[in-house]
Amino acid sequence: MDKLRVTGPCRLEGRVRISGAKNAVLPEMAAALLVEGPVTLENVPAVRDVLTMAKVLRHLGLRQVALEGSTLRAEDDGVREPEAPYDLVRTMRASILVLGPLLARCGRARVSLPGGCAIGARPIDLHIDALRRMGAAIDIEHGYVVASCGRLKGAEIEFPKVTVTGTENVMMAACLADGRTVLRNCALEPEIADLAAFLVACGARIEGAGTPTIVIDGVTRLRGTLHRVIPDRIEAGTFLMAAAITGGHVVIEACEPAHLSAVVALLKECGVPLTAGAGSIEVRPDGQLRAANVTTHPYPDFPTDLQAQYMALATRADGVSVITETVFENRFMHVGELRRMGARIVVRGQSAIVAGPAPLSGAPVMASDLRASACLVVAGLAAEGETVIDRIYHLDRGYERIETKLHALGARVERIK
Ligand code: UD1
């Protein structure tokens with residue numbers, strides 16, 4: 001199992017290019033199941049989740065699913081086997097995204113339940129309830145979601161809670177349904193608008209993606225297209241935190257500053273000078289970081305996927321920062337590891353109270369999930385001495401060549417095989 005050795009402290013300097021958004025590519029790959037003809041996605045990050053989704057698609061019968069550089073091609077050959085088995089799904093919860101497309105295209109699907117997840121229970125009841133409203137018969141049998149339908153029927157559905165992949169799953173299913181589907185209380189994440197843009201280019205009729213109400217008029221078929229994936233706002237945010245914690249001077253390139261407003265606002269409150277340009281954000285060094293409170297919420301508020309990385313930063317800020325997690329119930333597993341590096345953090349219910357600035361010292365630490373791993377990398381950059389992060393397969397799920405990118409900015413980071 002690979003580990004990452006980070007030797008700190010360092011000061012990042014230079015320019016870094018952000019990859020395409022993992023959380024946009026995954027639903028777009030699943031959407032290829034809806035499409036007749038070749039699909040080409042550009043700006044695709046070569047991360048493990050993308051490779052896992054490619055395996056799922058190949059298993060389902062898509063031909064020529066191949067990632068060359070940052071271009072992914074997939075071609076429909078008629079879905080032969082609408083079953084996503086446990087072995088593939090257990091490593092990536094987002095595999096559930098094939099449920100809606102399979103039902104809409106094949107009229108049946110058998111998808112393994114994603115199961116427990118380190119950051120909370122993460123049920124899929126909202127996906128299932130919505131697809132049932134569209135006429136699908138769905139049972140849970142032997143750990144699988146077993147679903148069947150004739151042609152799905154358009155329906156009016158209000159999500160009782162905002163769900164990102166739930167919104168995506170149902171929006172995709174509705175593209176080939178009979179009649180109009182109106183989805184209310186949808187997630188507003190930019191990845192949903194990007195998925196809709198891709199589907200519209202394939203011939204789907206979707207309005208309102210990126211707003212709380214999405215209206216989809218079903219069509220009988222979708223055709224292949226070429227689509228360029230939006231930049232990964234979570235990767236960009238992670239590099240912003242990394243630059244800020246090291247007092248570095250870094251230009252984050254090929255990102256979308258408009259998708260990072262809440263993150264930029266928080267960093268400014270912490271006293272980090274940032275300048276947003278067209279497709280870039282510049283972070284300049286400036287004195288002591290200041291503590292600031294933050295609460296995670298669905299987009300456009302501060303993302304849960306940057307909570308852990310911000311906590312690393314808060315350990316080095318002057319004063320007390322209260323970080324409240326409202327999206328997932330168990331997303332503080334990095335706290336124990338940060339404490340081993342010298343951080344002063346107590347958890348009270350949904351809030352972590354961080355007293356800074358704490359001098360961080362390198363230590364052997366364990367990554368518990370994708371974003372927690374990124375938090376330990378950020379902390380390691382500011383810590384005195386060696387931080388060796390175990391279980392970085394979590395990091396590889398969502399960050400493309402992170403050690404190469406950090407190395408190019410002057411960090412001492414190496415992968416230990
Ligand atoms: C997506 C992102 C993930 C991010 C999360 C929140 C992808 C591939 N993943 O995950 O990186 O952290 O959004 O921004 O895009 N819930 C239910 N029932 C459901 C579905 C969700 O109760 O059927 C709950 C979840 O447990 C959680 C909340 O709703 O508490 C939000 O989850 P959701 O938006 O669905 O997260 P994901 O789509 O899994």
Side-chain angles (χ1 to χ4, degrees), residues 20-31 44-45 47-50 52-53 56 89 91-100 111 113-133 138 140 145 157-173 183 185-196 209 212 229-230 232-235 237-238 259 262-263 295-310 324-334 350 369-375 394-395 397-399:
K22 165 183 91 71
N23 284 356
V25 176
L26 295 178
E28 286 161 10
M29 290 175 75
V44 173
V47 295
R48 199 162 59 92
D49 274 7
V50 166
T52 303
M53 186 59 98
V56 173
V89 172
T91 59
M92 186 182 67
R93 189 188 138 77
S95 316
I96 196 64
L97 285 164
V98 301
L99 179 64
V111 179
L113 279 170
C117 165
I119 64 173
R122 297 181 91 179
I124 53 160
D125 54 313
L126 304 174
H127 303 228
I128 289 177
D129 289 350
L131 292 169
R132 279 191 178 135
R133 297 280 302 278
I138 305 183
I140 308 295
V145 183
I157 295 160
E158 174 150 357
F159 290 104
K161 181 174 187 181
V162 172
T163 161
V164 176
T165 49
T167 302
E168 292 165 345
N169 228 339
V170 183
M171 181 170 83
M172 290 189 282
L183 303 179
N185 197 28
C186 295
L188 309 179
E189 270 68 3
E191 292 74 22
I192 290 173
D194 197 54
L195 170 64
V229 178
I230 53 168
D232 196 311
R233 61 197 166 90
I234 305 302
E235 188 198 12
T238 302
H259 295 166
V263 180
T295 301
T296 65
H297 285 294
Y299 189 83
D301 282 345
F302 190 84
T304 174
D305 284 352
L306 284 171
Q307 177 257 108
Q309 300 88 317
Y310 175 65
T324 305
E325 171 63 52
T326 72
V327 179
F328 292 110
E329 68 269 30
N330 184 23
R331 211 175 193 179
F332 282 144
M333 262 136 15
H334 41 283
Q350 287 181 289
D369 68 62
L370 168 56
R371 306 305 171 184
S373 338
C375 147
H394 289 295
L395 195 65
R397 282 189 44 214
Y399 288 89

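Numbering of ligands and ligand atoms starts at 1, following listing order.
Heavy-atom proximity to Leu126, at under 4.0 Å, picks out these atoms of ligand 1: 17 (C), 18 (N), 19 (C), 20 (C), 23 (O). Heavy-atom contacts of Asp305 reach the following atoms of ligand 1: 3 (C), 4 (C), 11 (O), 12 (O) (cutoff under 4.0 Å). In the vicinity of His127, heavy-atom distances shorter than 4.0 Å reach the ligand 1 atoms 23 (O). Contact atoms of ligand 1 toward Thr304: 6 (C), 12 (O), 14 (O) (distance under 4.0 Å to a heavy atom of the residue). Counting atoms of ligand 1 from 1 in the listed order, those under 4.0 Å from a heavy atom of Ile124 are 19 (C), 23 (O).
Here atom 27 (C) of ligand 1 lies nearest to Val327 when heavy atoms of Asp125, Asn330, Val327 are compared. Taking each of Asp49, Val164, Asn169, Asn23 in turn, the one with a heavy atom nearest to atom 2 (C) of ligand 1 proves to be Asn23.
In this structure, Glu189 contributes its side chain and Tyr299 its backbone to a donor-acceptor pair below 3.5 Å.
When non-hydrogen atoms are compared, ligand 1 lies under 4.0 Å from the backbone of Thr165 as well as from its side chain. In Thr163, the parts holding a heavy atom less than 4.0 Å from any atom of ligand 1 are both the side chain and the backbone. For Arg331, every heavy-atom contact with ligand 1 shorter than 4.0 Å involves the side chain, none the backbone.
Thr52 meets the side-chain hydrogen bond (donor to acceptor under 3.5 Å, both in side chains) test with no other residue; sequence neighbours excluded. With sequence neighbours left out, Glu191 forms a side-chain hydrogen bond (donor to acceptor under 3.5 Å, both in side chains) with Arg233.
Using a 4.0 angstrom heavy-atom cutoff, Pro123 counts as in contact with ligand 1. The shell of residues lying under 4.0 angstrom from ligand 1, judged by heavy atoms, excludes Met92.
Polar contact with ligand 1: present for Arg93 (N/O pair, distance under 3.5 Å).
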Run the side-chain contact (heavy atoms from CB on, under 4.5 Å) test on Gln309 and Leu306 for me, step by step, so that the C-alpha distance in whole Å, both residues' side-chain angles and the decisive distance to 0.1 Å come before the verdict.
CA-CA 5 Å; Gln309 300 88 317; Leu306 284 171; 3.6 Å; yes

Show your working on side-chain contact (heavy atoms from CB on, under 4.5 Å) between Met92 and Leu26 and close with a plain yes or no.
CA-CA 10 Å; Met92 186 182 67; Leu26 295 178; 4.2 Å; yes

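Here the closest non-hydrogen pair linking Leu370 and Gly398 is CD1-N, 3.6 Å. The nearest pair of heavy atoms linking Ala187 to Thr163 is CB-O, 3.6 Å.
Under the side chain to side chain contact (heavy atoms under 4.5 Å, CB included) test applied with Val170, the options Leu126, Leu99, Leu183 reduce to a single match, Leu183.
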